[in-house]
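Here the structure is laid out as structure tokens; the discussion comes afterwards.
Each ligand, and each atom within it, is numbered from 1 in the order the structure gives.
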Amino acid sequence: MRLSTAFVPTLKETPTEANIPSHQLMMRAGLMRQLTAGVYSYLPLGYRVMQKVMQILREEMNAIGGQEFLLPALNPESLWIQTNRRDVPNFILSIKERELVLAPTHEEVIGHIASMHIQSYKDLPQIWYQIQNKFRNEPRPRSGVLRGRQFIMKDSYTLDRSWEDLDRAYELHAEAYRKIFARCGLKFFVVGASSGAMGGTGSQEFMIEAEHGEDTVALCHSCGYAANMEIATSTIAPVARRTQNQGLEEIHTPNVKTIDELVAFLKVDRSRLAKSVVYKHDGKPVLILMSGNDQLNESKLTAALGPGEIAPMPAEALLALTGADGGSIGPVKLNGFRIIADNRLKGANGLISGANKNDFHLANIDLERDATIDGYYDLRAVEEGEACPKCGAPLSVSHAIELGHIFKLGTKYSEALNIRFLDESGQSKPVIMGSYGIGVERIMACYIEQNHDKDGIVWNTALAPYAVHLIAVNTNNKEVVEHAERLYTTLIKAGIDILFDDRGNISPGFKFKDADLLGMPYHVIVGEKGLKNGQVEIKIRRSGARSMVAVNDAAEEVQKLVQSNA
Ligand code: ATP
Ligand code: MG
């Protein structure tokens, strides 16, 4: 492709709306443009990268026996009502006039096909996949294409007759995913994860560590334990039960609102405080008790409370309901609330918590004696430095971006959509399902997060829009043009993807800057000075290493480099 006629709108300045390197560089290198919040147009260079990603996805899915489908993005709303997912928060975009929705994932449509055509154990197992647009009602899309309202996903679905077969299909995917991310040149790790809106019995996420990631993970560098904060745990002491159990005592605590203020005012150990957090679950009030200043993790709360809408209770609603502010709420005589507590507080006594009237707290609370606790759950967010649940070494907490997610779905969708088969003895059973997703744009953006420098993107040959960037330094020089043109034609004939900067009236400095910004792996520079010695220059973008080669050997040298993938 000749840059003189190509549409590659590079930008000198970083657009102000882009806060993270991948977003900034995708804009500056002319890979994409935003149409509206969370919706992007891919320009020719960006789309070439996506096609390379999709080709890798296809090859690895085909290698595990996947069969490619193309399922409709438009779905009847009724199908999503059948699986109880119509109203999952931040999930579905809908077209009201026709009772249609835009599919955020495709378990439902896969289920529709499977329920019609899977009849016997002889029809199983199946691995079905597609590479298709997904639509999601993401509330505040930022971070560029990492979180779009429209994005492309490789999604696959497995249908099996037994749980052992599901395990096998899941492992096949885990292995294929490792190969995919390795081929893309990503440094990734795998964590245990929560199944969220998908439901099911087990799931893992493939992630990269990234300063700007929206996910948080706990990692043990000693034994390799890795878990999304949504489910991460640590070994942490429970609040000890005191042998001397004293009677309840009301204490006046004027203007004491926070846990820190309470610790300073009462001069007690932080672990004796039971912090109250108030939520609404399906409109009903829930009090959540946490030890000391432990932070509540909302995903764990969602898992503990079960299906239904969950939101923090607004201060005015709480005041209207109890007559007290958030800082004065506690578990004793709190009528009309469901009360749950973090595992650390199981059976604890000698606790201090709000008295359900402003400016008062209660001391010596015994949760078994003075309150009605509906259940104890793991609700707290793990913190940096706490002991690894597997080996005891200190955990580190990092930000991360999810590249892919694999789920053992089990029978949730087969039950809802009636996907059944007859086993060898003629008995009807639900099909056992798995689902597996990778974001195409996420791979591209995560690659850029990991592979850029101050000058621009650093592509590898696996994903680069073009393997070679050929520069004719000065197009007013006949000899330069002649040699550059000849190299261009030779390399195209050799099957090399090549971008040729043949633009006239552009300074060499500008051409070099553009080449670094676009980031093709190998730059071939044809200039007056080199040609005086019969040479052209080859630059490796990643290392910056430069070498001069005889102009007649250049094509062969470049081919060798591209093939060696150096
Ligand atoms: P996240 O937690 O980041 O929202 P998710 O758990 O909702 O992701 P899945 O439903 O498992 O994601 O989707 C599979 C894959 O699709 C993700 O691993 C990610 O690569 C990609 N993906 C999900 N949501 C988006 C989005 N809004 N924009 C771009 N890619 C996405
Ligand atoms: Mg999501």
Side-chain angles (χ1 to χ4, degrees), residues 20 22-23 26 32 34-40 42 46 50 53-54 56-57 61 73 83 85 88-93 102-108 110 129-157 170 173-174 176-177 180-181 184 186 188-200 202-208 210 212-217 227-231 297-299 302-303 399-409 413 434-449:
I20 61 169
S22 56
H23 190 184
M26 287 181 75
M32 60 78 168
Q34 179 174 308
L35 178 62
T36 182
V39 183
Y40 299 93
Y42 294 97
M50 289 165 72
V53 170
M54 292 190 274
I56 293 173
L57 290 167
M61 286 311 300
T83 56
R85 290 214 285 183
V88 170
N90 308 335
F91 208 36
I92 287 187
L93 287 161
L102 288 164
T105 172
H106 276 93
E107 282 79 9
E108 278 71 1
I110 287 287
Y129 80 96
Q130 65 167 342
I131 300 175
Q132 225 277 63
N133 276 307
K134 297 281 180 283
F135 299 85
R136 289 194 184 177
N137 199 5
E138 303 283 1
R140 278 173 304 279
R142 32 196 169 105
S143 318
V145 307
L146 283 169
R147 182 169 302 288
R149 288 192 171 130
Q150 172 174 348
F151 60 96
I152 298 180
M153 197 199 288
K154 185 293 297 171
D155 44 326
S156 37
Y157 305 87
Y170 184 88
H173 275 85
Y177 275 36
I180 288 164
F181 299 129
C184 291
L186 291 159
F188 66 96
F189 59 93
V190 189
V191 302
S194 143
S195 298
M198 296 294 169
S203 90
Q204 283 170 303
E205 285 166 339
F206 292 74
M207 305 201 124
I208 66 157
H212 307 283
E214 289 179 25
D215 274 287
T216 325
V217 293
N228 194 309
M229 286 294 269
E230 294 170 348
I231 60 158
N297 180 291
E298 256 197 37
S299 302
T302 307
H399 289 287
I401 302 171
E402 177 191 320
L403 292 163
H405 203 162
I406 56 179
F407 298 90
K408 291 183 185 177
L409 292 177
Y413 298 93
S435 108
Y436 317 83
I438 293 182
V440 171
E441 293 94 328
R442 284 255 178 120
I443 289 190
M444 172 161 59
C446 285
Y447 178 88
I448 297 174
E449 287 292 321

**Asked** Does Phe206 reach ligand 1, in the sense of a heavy atom lying below 4.0 Å from it?
**Response** no

**Asked** Of the backbone atoms (N, CA, C, O) and the side-chain heavy atoms from C-beta on, which set of Leu146 has a member under 4.0 Å from an atom of ligand 1: side chain, backbone, both, or neither?
**Response** backbone

**Message:** With a 4.5 Å cut-off on side-chain heavy atoms, are Phe189 and Val217 touching?
**Reply:** yes

**Message:** Can you tell me how the ring of His173 sits relative to the ring of Tyr436, calling it parallel under 30°, perpendicular over 60° and tilted otherwise?
**Reply:** parallel

**Prompt:** Less than 4.5 Å apart, any side-chain heavy atom of Phe181 and any of Val190?
**Reply:** no

**Asked** Under the 3.5 angstrom rule, does the side chain of Arg442 hit a backbone N or O of Gly404 as a donor-acceptor pair?
**Response** no

**Item:** Atoms in ligand 1 flagged as close to Met153, the criterion being non-hydrogen separation under 4.0 Å
**Value:** 13 (O), 14 (C), 16 (O)

**Asked** Numbering the atoms of ligand 1 from 1, which are under 4.0 Å from a heavy atom of Gly404?
**Response** 18 (O)

**Item:** For Val145, the ligand 1 atoms whose distance to one of its heavy atoms is below 4.0 Å
**Value:** 29 (C)

**Prompt:** Just going by heavy-atom distances, which of Arg149, Arg136, Met207, Glu441 is nearest to atom 9 (P) of ligand 1?
**Reply:** Arg136

**Prompt:** Ignoring hydrogens and geometry, is there a side-chain-to-backbone donor-acceptor pair from Tyr42 to Glu441 under 3.5 Å?
**Reply:** no

**Contact (N/O only, under 3.5 Å) between Gly148 and ligand 1** = yes

**Item:** Atoms of ligand 1, numbered as shown, that sit under 4.0 Å from any heavy atom of Leu403
**Value:** 18 (O), 20 (O)

**Prompt:** Does Gly437 offer a backbone N or O that forms a donor-acceptor pair with the side chain of Tyr177 under 3.5 Å?
**Reply:** yes

**Sidechain-backbone polar pair: Asp155 side chain, Thr105 backbone, donor-acceptor under 3.5 Å** = no

**Message:** Side chain or backbone, does Phe151 bring an N or O within less than 3.5 Å of an N or O on ligand 1?
**Reply:** no

**Message:** Keeping Arg142 on the side-chain end and Gly38 on the backbone end, is there a donor-acceptor pair under 3.5 Å?
**Reply:** no

**Asked** Side chain of Glu449, backbone of Ser22: donor and acceptor closer than 3.5 Å?
**Response** yes

**Prompt:** Heavy-atom distance to atom 12 (O) of ligand 1: which of His405, Lys154, Glu402 wins?
**Reply:** Glu402

**Prompt:** Can an N or O of Glu138 be found at a distance shorter than 3.5 Å from an N or O of ligand 1?
**Reply:** yes

**Asked** Is Gly439 close to ligand 1, meaning an N/O of one under 3.5 Å from an N/O of the other?
**Response** yes

**Message:** Tell me whether ligand 1 is touched by Ile443 - counting only heavy atoms on the residue side and a distance under 4.0 Å.
**Reply:** no

